[in-house]
Structures are given as structure tokens and as C-alpha cells.
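Both ligands and their constituent atoms are indexed starting at 1 by order of listing. Reckoned from all heavy atoms, side chains included, excluding hydrogens, waters and symmetry mates.
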Amino acid sequence: MEKIAVYPGSFDPVTNGHLDIIKRASKLFDRLIVAVLHNSSKDSLFTFEERVNLLKEVVKDIDNVEVDCFTGLLIDYCNNKKVNAIIRGLRAVSDFEYELQMAQMNRQLNRDIETVILTTSTKYSFISSSLIKEVGKHKGDISQFVPNNVSKQVYKKLHGRE
Ligand code: ADP
């Protein structure tokens, strides 16, 4: 039986930190589904279709990675897709409490699905989607923190040009 993992998140937008986790997780499983949360209540810079499309471009050369989206409970999505594990990334202690709580709740909801937490590569540990948007808003150089297509689209969204 093939082992399938899902890497869920908002990805608003996908960063080099996310991409690092995607590449590393893809080596641990037969298939990795990057699942964008379709959450209408959260203020996001990119629509969920745009976030999905940016991700698709970013992972197009990684064979066993696909991009999808989900609404509602992650565990329900995992059950439908016959997923074995949920991937999350851990940057700092500040992420820990939230990630631990979510992992425990998800385990309570379905004991067959494990949460696998990968620690960030140190060079990406300070990168977050929200900081990328903040730096981009003030026209700082974000090209070193996000894939090329993403950096262009962030500028386009915020300033009307690439
Ligand atoms: P969410 O809104 O679910 O936290 P994000 O898109 O912000 O979604 O993040 C998805 C996952 O990726 C989370 O587990 C988060 O901790 C992790 N992550 C975010 N940025 C990085 C990074 N720079 N390095 C490693 N993991 C990261």
C-alpha cells in the first residue's frame, strides 16, 4: 500500500520555508498532497485559487507532489483521501504549542493518522507568509525568501506591478 501524506496550510503565499518542508516530506512518502485551506473567514492576500496556482507552479517538477484544497475538518479530508500522515513544519518554540495541540486533537479524532512534524532548516526559520506580505507592502526585497513567481505576484497584488 502506498504511503500518503498531506501538508495542509494557508500558503498565503507559499515561501521557501514551505518549499523546503515539501521537498523533505516528499522523500519520506510515496505521495504528498499539499492541501490549501479554503477558509472564507480568514483575511488573505491571495484568493484560494491563486494560492493553489502559485503552489502548482512551485512544485511542478517534483514528481510525487500534488496540490489540492480542502474546507472543513482536515481529518475528514484525510479520511476521504486515505492519508496516513499529516505534515507540519516547526519554526520556533512559538509554533510548538499550537502544533502540539492540533496534533493531539487530530489524533483524538483519528488514531490511525499520525502527525509528522519536520523542523525547519535554520536558514528559513524566520520566514513566514505574514512577514513576506509585510516586507512586500513596504517594497522590501522578498525575492530571497519566496520562489520567483511568488515574489512577482506579491508585488503585483500589492503595488499593481511586478
Ligand atoms: P497555517 O495557517 O495552517 O499555519 P501556513 O501556510 O502559515 O498555514 O503554514 C503551514 C505549515 O507550514 C505550518 O505547519 C507552519 O508551521 C509551517 N511553516 C510555515 N513557514 C515555515 C518555514 N519557514 N519553515 C518551516 N515550516 C514552516
Under 3.5 Å, N or O to N or O, is [X] touching ligand 1 that way?
{"X": "D12", "result": "no"}
{"X": "F11", "result": "yes"}
{"X": "I21", "result": "no"}
{"X": "P8", "result": "no"}
{"X": "R88", "result": "yes"}
{"X": "Y98", "result": "no"}
{"X": "S10", "result": "yes"}

By number and element, which atoms of ligand 1 are closer than 4.0 Å to a non-hydrogen atom of [X]?
{"X": "E99", "answer": "13 (C), 14 (O), 16 (O)"}
{"X": "T120", "answer": "24 (N), 25 (C)"}
{"X": "G17", "answer": "22 (C), 23 (N), 24 (N)"}

Quiz prompt | Parallel, tilted or perpendicular, as decided by the 30° and 60° cut-offs, for the rings of F70 and Y77 | solution = tilted
Quiz item: Quick one: salt bridge (Lys or Arg N to Asp or Glu O under 4.0 Å) pairs with a partner in residues 68-79, sequence neighbours left out?
Solution: D68-K81
Exercise. List the steps and the verdict of side chain to side chain donor-acceptor pair (under 3.5 Å) for S143 and D141.
Key: CA-CA 6 Å; S143 62; D141 179 11; 2.6 Å; yes
Quiz item: With ring centroids as reference points, do H18 and F11 lie under 6.0 angstrom apart?
Solution: yes
Quiz item: Quick one: does F126 get within less than 4.0 Å of ligand 1, heavy atoms only?
Solution: no
Self-check item: N79 side chain to N110 side chain, donor-acceptor N/O pair below 3.5 angstrom
Solution: yes
Quiz item: Does F29 offer a backbone N or O that forms a donor-acceptor pair with the side chain of N64 under 3.5 Å?
Solution: yes
Quiz item: Can a salt bridge be assigned to the pair R88 and D95 using a cut-off of 4.0 Å between side-chain N and carboxylate O?
Solution: no
Quiz prompt | Salt bridge K56-E66, side-chain N to carboxylate O under 4.0 Å | solution = no
Practice problem: Check each heavy atom of S125 against ligand 1 and say whether those closer than 4.0 Å belong to the side chain, the backbone, both or neither. | Solution: neither
